[in-house]
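All ligand and atom numbering here is 1-based and tracks the order in the structure. This is a predicted model, so every value here is computed, not measured.
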Amino acid sequence: MPTQHNMSHLPFGDHKNAPWYGKDILSVKQFGRENLEYIFAVSHEMHDMVDHIGTFDLLKGKILANLFYEPSTRTSSSFTAAMERLGGSVIPINDVKYSSVAKGENLADTVRTLECYADVIVIRHPEVGSAAIAAKAARKPVINAGDGIGEHPTQALLDAFTIREELGHLDGLTITLLGDLKHGRTVHSLARLLSLYKVKLNYVAPDILRMPAELIEELKAKKIEQTEYSGLETCLPQTDVLYVTRVQKERFTDEAVYESVKGAFVIDPKVLKAAKERMIVMHPLPRVGEITMEVDDDPRAAYFRQMEYGLYVRMALLAMVLGKA
Ligand code: NCD
């Protein structure tokens, strides 16, 4: 399709010497502020390109293996869309029941198989450290799309990009993380990533779902101001970003314990009356009652925009590890 869009100024093309070429993305610990600035810039360009020309052939002929051992809607389909918008294609393994995993194949062998057919592997797995095991077995780049309660680095990158696009900057913000801070891999990755900026972090969780002490210590060593609260009342009026999370049912061994905390916090229009006029409400989604649907029409509700930003960030990351950005 003919286009008016001028691609010549963009940082796209062959960059085999680029720092991210062939690299795995396993943890947000791999990223510094400069990397983030770069990822934000490329993601922004990807957004522009999708708006102007929809699909373009930056990764033509490249193949992504999308290996999901846990349920996913957004992460899996946005990686697929990202690859296809860049002209590449995808081997989807969303239901390991029907793959050799069901016959007892180990993760390393599965990954070694997939890399014979694909140029990059995206993996989600219930065990902490599984993406690192996959990366060790593979020569091709592996991207961690969630390893149990460990990390979810691409989500944290898209969360940071969302804050940047919505509020213009990250330094100086007060960010309140709410919900299941114990099991939520998205909050673990996001808190670590935000520690690159001058932010204040508030943690609001039921007592048994508090932020892991080791993570609090890790961020304390980086001089991040962190405060724990048992409710939103005191901290909501100062909050610039309210990051709501789902209580992670699949991580509980006792259903009764899950039932006792699942409805601990519900954000509805009444709660948001106490919030700033210029602030955003985020959620990695899926939500299961933590944010009522009446909030969706509030301009501060950023969670649907957030999942769209995920497409652009994942396009940027794929282009980077495949040596095209
Ligand atoms: C999150 C996840 O899988 O960790 N979802 C996502 O990737 N967007 C959050 C969740 O499942 O609650």
Side-chain angles (χ1 to χ4, degrees), residues 25-28 43 64 66-83 92-96 122-131 134 142-163 175 177-194 203-206 209 211-212 215 241-252 258 261-267 280-292 296 301-315 317-318:
I25 298 179
L26 303 178
S27 161
V28 290
S43 304
L64 161 81
N66 225 7
L67 178 59
F68 279 72
Y69 291 80
E70 277 193 339
S72 171
T73 301
R74 275 150 290 270
T75 307
S76 153
S77 57
S78 67
F79 266 113
T80 300
M83 200 61 190
I93 305 186
N94 296 324
D95 201 336
V96 288
V122 170
I123 178 172
R124 168 171 290 184
H125 191 284
E127 274 158 42
V128 175
S130 51
V142 169
I143 300 179
N144 180 5
D147 60 331
I149 64 167
E151 281 226 28
H152 194 347
T154 67
Q155 179 72 41
L157 292 166
L158 80 88
D159 291 340
F161 182 62
T162 300
I163 298 171
I175 293 141
L177 306 176
L178 172 85
D180 189 346
L181 308 185
K182 179 181 179 196
H183 304 113
R185 55 192 172 203
T186 70
V187 282
H188 300 163
S189 286
L190 182 59
R192 282 200 179 100
L193 199 62
L194 290 172
Y203 305 138
V204 183
L209 300 179
M211 196 63 135
L215 209 143
V241 176
L242 176 62
Y243 192 96
V244 186
T245 64
R246 171 179 73 89
V247 177
Q248 308 277 296
K249 185 174 185 197
E250 65 276 34
R251 312 293 177 210
F252 286 75
Y258 166 73
V261 286
K262 72 167 190 207
F265 298 103
V266 176
I267 305 302
I280 53 170
V281 181
M282 296 175 65
H283 193 309
L285 301 174
R287 63 173 157 182
V288 285
E290 311 82 48
I291 304 178
T292 67
D296 299 356
Y303 33 91
F304 296 136
R305 299 192 290 277
Q306 179 184 355
M307 66 185 174
E308 184 189 329
Y309 294 130
L311 170 68
Y312 312 128
V313 171
R314 289 181 172 126
M315 288 172 79
L317 295 173
L318 289 172

[X] neighbourhood, listing ligand 1 atoms whose heavy-atom distance to it stays under 4.0 Å:
{"X": "Arg185", "answer": "2 (C), 3 (O), 4 (O)"}
{"X": "His152", "answer": "2 (C), 4 (O), 6 (C), 7 (O)"}
{"X": "Thr75", "answer": "6 (C), 7 (O)"}
{"X": "Gln155", "answer": "6 (C), 7 (O), 8 (N)"}

Tell me, please: is Pro286 in heavy-atom contact with ligand 1, that is, under 4.0 Å?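 It does, in that a heavy atom of Pro286 comes within the 4.0 Å cut-off of ligand 1.
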
Within the structure, is a non-hydrogen atom of Arg124 found at a distance of less than 4.0 Å from ligand 1?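 True for this residue.
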
Before signing off on this row, confirm whether Arg74 and ligand 1 have an N or O atom pair separated by under 3.5 Å.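 So ligand 1 has no N or O lying under 3.5 Å from an N or O of Arg74.
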
Are Thr186 and Asp159 linked by a side-chain donor-acceptor pair shorter than 3.5 Å?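 Result is no, nothing qualifies.
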
At what distance, to the nearest 0.5 angstrom, does [atom1] of [X] lie from [atom2] of [Y]?
{"X": "Leu178", "Y": "Ile267", "atom1": "CG", "atom2": "CD1", "answer": "5.0 Å"}
{"X": "Ile25", "Y": "Leu318", "atom1": "CD1", "atom2": "CG", "answer": "8.0 Å"}
{"X": "Asp180", "Y": "Ile149", "atom1": "CG", "atom2": "CD1", "answer": "9.0 Å"}
{"X": "His152", "Y": "Leu190", "atom1": "NE2", "atom2": "CG", "answer": "11.5 Å"}

Side-chain donor/acceptor of Ser76 to backbone N/O of Thr73, under 3.5 Å: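 Answer holds: no.
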
Which residue supplies the protein heavy atom nearest to atom 11 (O) of ligand 1, what is that atom called, and how far is it?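 For this ligand atom, the closest protein heavy atom is Arg246 NH2, 2.9 Å.
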
In the protein, which heavy atom is nearest to atom 8 (N) of ligand 1, and how far is it?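 Going by distance alone, atom 8 (N) of ligand 1 is nearest to Pro284 O, 2.9 Å.
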
Are Arg185 and Glu250 within salt-bridge range, i.e. N to O under 4.0 Å?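 No, no charged N to carboxylate O under 4.0 Å.
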
Heavy-atom nearest option to atom 9 (C) of ligand 1, drawn from Val288, Thr245, Leu285: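 Among Val288, Thr245, Leu285, the closest heavy atom to atom 9 (C) of ligand 1 belongs to Leu285.
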
